[in-house]
Amino acid sequence: MAQKKSFHRTDRVSAQLRREIGTLVHEAVREHGLGSASVSDVEVTRDMAHAKIFVTVFVAEQAEETVKALKALAPQIRYQLAQAVKMRHVPELHFHYDESVDRGERIENLLRDLRTSDEPE
């Protein structure tokens with residue numbers, strides 16, 4: 001039972017961090033003139049020491065630069081996060097580009113191409 005509760009706690013913490021980090025990333029993007037980005041998911045390790053933050057960038061060409069900047073800003077964002085949440089230990093933040101949106105667009109385009117090639121000429 002204790003193990004099940006810890007998963008529940010990490011899920012709750014992940015959800016709370018997603019909201020807070022989403023706001024902080026939005027502010028960082030505006031403040032530093034980065035590509036428009038959004039936090040799509042946060043995964044926290046069981047020991048709460050690390051958080052993987054998945055970010056989608058709306059202009060794919062700016063994705064690499066934006067994620068690189070967020071990685072550089074991670075200590076500052078972590079400090080701001082510590083001010084916003086009531087946690088004894090705020091996890092280290094690790095930013096990653098979320099490719100699921102790109103993958104979804106590619107699949108959608110492939111399906112669209114299939115539909116148009118199936119139509120009689």
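Since this is a predicted model, take the numbers as computed values, not measurements.
- Taken from CG in Leu24 to CD in Glu20, the straight-line distance is 7.0 Å, to the nearest 0.5 Å.
- The closest donor-acceptor contact from the side chain of Thr45 to the backbone of His50 lies under 3.5 Å.
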Evaluation steps, side chain to side chain contact (heavy atoms under 4.5 Å, CB included), between Thr23 and His26: CA-CA 5 Å; Thr23 303; His26 182 71; 5.7 Å; no
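- Side-chain contact between Val42 and Phe54: absent, with no pair of heavy atoms (C-beta onward) separated by less than 4.5 Å.
- Scanning both residues, Ala28 and Leu34, for their nearest heavy atoms gives O-CD1, 4.2 Å.
- Using a 4.5 Å cut-off on side-chain heavy atoms (C-beta onward), Val57 and Ser38 make no contact.
- Of all non-hydrogen atoms in Pro91 and Ala51, the two that sit nearest each other are CB-N, 3.9 Å.
- Under the 4.5 Å side-chain criterion, counting only non-hydrogen atoms from C-beta, Leu93 is in contact with Leu81.
- Looking at Asn109 and Arg112, their side chains come closer than 4.5 Å, going by heavy atoms from C-beta outward.
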Leu73/Phe95 under side chain to side chain contact (heavy atoms under 4.5 Å, CB included): CA gap, chis, key distance, verdict: CA-CA 10 Å; Leu73 291 168; Phe95 287 93; over 6 Å; no
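- Proximity of Lys52 to Asp41: side-chain heavy atoms (C-beta onward) are nowhere separated by under 4.5 Å.
- Residue pairs meeting the side-chain hydrogen bond (donor to acceptor under 3.5 Å, both in side chains) criterion with at least one partner in residues 61-87, sequence neighbours excluded, do not occur; the list is empty.
- Hydrophobic clustering keeps Val29 apart from Phe58 (ILVMFWY residues linked when any side-chain heavy atoms are closer than 4.5 Å, directly or through intermediates).
- Checking side-chain atoms of Ser40 against main-chain N and O of Thr56 turns up no donor-acceptor pair under 3.5 Å.
- Nearest heavy-atom pair, Val39 versus Arg18, reported as atom, atom and distance to 0.1 Å: CG1-CG, 4.0 Å.
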Side chain to side chain contact (heavy atoms under 4.5 Å, CB included) between Ile53 and His96, intermediate numbers included: CA-CA 6 Å; Ile53 297 125; His96 298 274; over 6 Å; no
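- Two residues are said to be in side-chain contact when any heavy atoms from C-beta on lie closer than 4.5 Å; Val44 and Val13 meet this criterion.
- Taking both residues in full, the closest heavy atoms of Met87 and Leu17 are given as SD-CD2, 4.1 Å, listed atom of the first, atom of the second, then distance.
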